[in-house]
Amino acid sequence: MSEKRYNAIVIGGGHAGCEAAHALARLGISTCLMTMNLDTIAQMSCNPAIGGLAKSQLVREVDAMGGIIAQVADLAAIQYRRLNTSKGPAVWATRCQCDMAIYRQQMQRLLFGTPNLDLKQRQVASLIVRGSRVAGVTTTLGETFDADVVVITTGTFLGGLCHIGLNRFQAGRAGESASLELSQSLASLGLTLGRLKTGTTPRLDGRTIRWELTEEQPSDPDPRRLSHFHQAPLLPQRSCFITYTNEETHEVIRQNLAESPLFSGVIQGVGPRYCPSIEDKVFRFPDKDRHQVFLEPQGLDTPEVYPNGLSTSLPLRVQLAYLRSIPALQQVEITRPGYAVEYDFVPPTQLFPSLQVKTFEGLYLAGQINGTSGYEEAAAQGLMAGINAARWLEQRTPIVLRRDQAYIGVLIDDLVTRGTREPYRMFTSRAEFRLLLREDNADSRLSRIGFEIGLLPEHHYRQYCRKQEQIEALTELLRSRHITTTPENETLLASLALGGLSRCITLQELLSRPGSSLDKIASFFPEELSPDRWPPQVVEAVTTQAHYAGYIERQRRQAERLQQLEETPIPDRICYAQVAGLSREARDKLEYIRPQTLGQASRIAGITPAALTAVMIHLAKDRRTHSQALPPTGR
């Protein structure tokens with residue numbers, strides 16, 4: 001007999017699980033989040049930061065739709081830094097250093113206060129499946145919980161195996177047991193599993209660091225919050241610090257590579273290409289005489305420091321030896337050793353774009369189980385899995401964001417269409433329409449969707465609408481005000497280094513000139529363009545639109561052309577063996593992925609333009625045949 005029945009069960013309390021459970025409950029679904037330890041819900045297992053290059057776009061998109069990661073990060077923020085400001089706005093990003101304990105506490109407070117959501121400390125052993133439909137879970141205590149949908153967000157806990165030197169132990173995270181039975185349950189259901197590896201750094205006692213030998217990196221003086229809708233009180237801000245490895249550091253590592261599980265063949269999982277361990281960096285880049293290390297505080301009330309850049313699985317004595325070869329760390333003490341963790345994942349080509357498993361109705365996966373790395377990628381998937389699980393229960397079509405609509409759309413499309421053989425990390429270079437997907441305009445792209453599906457609260461949507469009205473008002477003002485060719489205006493323009501006047505122009509045209517800003521052109525209409533009248537986020541949006549109008553319009557046209565392919569569905573009935581002109585490789589890949597649109601088919605590795613044309617011709621024939629076979633409809 002079932003202990004209790006829920007509409008939805010979320011397995012795992014990491015960043016994906018928190019977003020999935022919150023979204024389901026906010027959408028009116030009776031939900032239970034099950035995790036092995038309630039105290040570690042929202043634990044920041046690795047570095048103490050949210051956001052960064054390409055990642056803050058994901059965070060702000062989640063926030064724009066009604067998710068919670070940005071709100072909680074702002075409540076725990078002890079440093080903000082705006083990154084890449086010397087480059088174009090397509091790659092601007094915000095990085096938020098968090099107090100790890102406060103982040104965890106604030107997330108738990110929010111979840112415990114969410115209606116329709118129960119939180120239970122349980123370890124799930126297996127899924128209950130009836131036919132091709134998930135029906136609930138069983139726990140290691142022998143309990144049974146019925147549910148119509150299950151969202152699995154187990155992070156690194158599936159078959160987790162930690163390594164410190166040649167010592168290894170079953171764990172999903174240091175000090176916490178692995179989930180072994182659930183991994184076996186998924187395999188028994190016919191899902192293909194793979195093996196990945198990630199790692200973390202040793203934690204340091206900040207009282208034993210010689211800070212005077214490091215480079216200080218203070219917080220921004222006027223920090224930008226991650227959330228569009230919340231202005232959390234600013235906590236005391238803390239600096240980060242920079243130091244570097246040296247040739248002595250690298251020599252210590254080289255002499256001990258035989259004791260590295262990564263180089264001795266003990267680790268079988270594939271590690272992250274773009275976040276390698278320090279031993280991997282020393283081995284792969286022998287000509288580099290130093291590597292940067294960021295010393296990041298883990299909180300306001302702890303001396304622990306996270307040395308970002310020193311992920312390792314070397315023995316503890318070797319970790320201490322190479323750390324002490326760095327001048328600022330000559331007397332450092334390690335509070336927690338660094339380690340590597342191997343874990344099972346489900347290659348994500350087994351999922352629909354909704355993140356539902358293709359072979360089982362009602363089963364959704366999100367986070368590292370899909371092959372990603374990073375808190376932000378996990379939160380984005382958790383949000384979409386929660387939304388789509390709720391919509392599946394209500395027999396509504398899933399929400400699938402396009403590649404020109406959101407970084408979330410790029411992330412999920414990459415996973416389900418191309419798959420991954422290594423931990424996937426988001427980069428701006430992955431987004432072909434990144435000038436449309438800026439950090440500053442996530443709300444204008446997604447808040448209407450969040451409100452219409454019922455996730456974004458109405459008062460937040462009204463806040464978004466007010467901002468859009470201000471953007472439109474300022475844009476119209478700039479278009480309607482003109483500068484004439486008078487000697488006074490010529491002199492003022494020259495003093496502002498904004499060029500000359502050959503004709504009467506609008507303020508919008510003037511703002512589009514290189515080096516122009518609203519502060520500068522306010523000299524022409526000081527009352528209407530006073531900085532006190534226009535919020536900074538409104539000014540930034542209008543200025544970016546003016547500076548990059550031509551590039552933005554070009555990307556919009558490209559996105560519209562792509563949309564024609566995205567809006568051409570491929571019916572489930574298509575048999576690729578009957579498509580004339582396809583190679584065996586193309587046929588096999590199309591059968592395996594089962595793309596839902598021509599756009600998705602075009603992004604499958606190995607699908608050539610000729611193969612896509614063959615599919616398009618077959619679809620046209622299929623539509624004619626299918627329409628002829630349909631009975632006539634009466635009035």
| query | Would Phe285 and His250 count as a ring pair (Phe, Tyr, Trp, His ring centres under 6.0 Å) if you check the C-alpha gap in whole Å, the side-chain angles of each, and the deciding distance to 0.1 Å? | reply | CA-CA 10 Å; Phe285 307 107; His250 301 172; over 10 Å; no
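When every heavy atom of Val124 is checked against every heavy atom of Leu182, the shortest pair comes out as O-CB, 3.7 Å. Across Asp74 and His230, no two heavy atoms sit closer than the pair OD2-O, 4.4 Å. Heavy atoms only, all atoms of each residue included: Asp99 and Asp301 are closest at OD2-N, 4.2 Å. Of all the heavy atoms in His291 and Thr245, the pair that sits closest is N-OG1, 2.8 Å.
In this view, Tyr80 satisfies the ring-ring contact (aromatic ring centres under 6.0 Å, His included) rule with no residue, not counting sequence neighbours. The side chain to side chain donor-acceptor pair (under 3.5 Å) check on Lys589 picks up Glu585, with sequence neighbours excluded. Under the rule for a side chain to side chain donor-acceptor pair (under 3.5 Å), the partners of Gln106 that lie at least two apart in sequence or sit in another chain are Arg109. Applying the side chain to side chain donor-acceptor pair (under 3.5 Å) criterion to Asn246, with sequence neighbours excluded, gives Thr249. The side chain to side chain donor-acceptor pair (under 3.5 Å) test applied to Arg224 returns Glu540, not counting sequence neighbours.
Contacts classified as side chain to side chain donor-acceptor pair (under 3.5 Å) and involving residues 338-348 (residues at least two apart or in different chains) are given here: His163-Glu342, Ser183-Asp344, Arg195-Asp344.
If you check the side chains of Gln71 and Asp63, you find no donor sitting under 3.5 Å from an acceptor.
When each of Pro48, Pro218, Ser219, Cys98 is paired with Gln79, the side chain to side chain contact (heavy atoms under 4.5 Å, CB included) condition holds for Ser219 and for no other.
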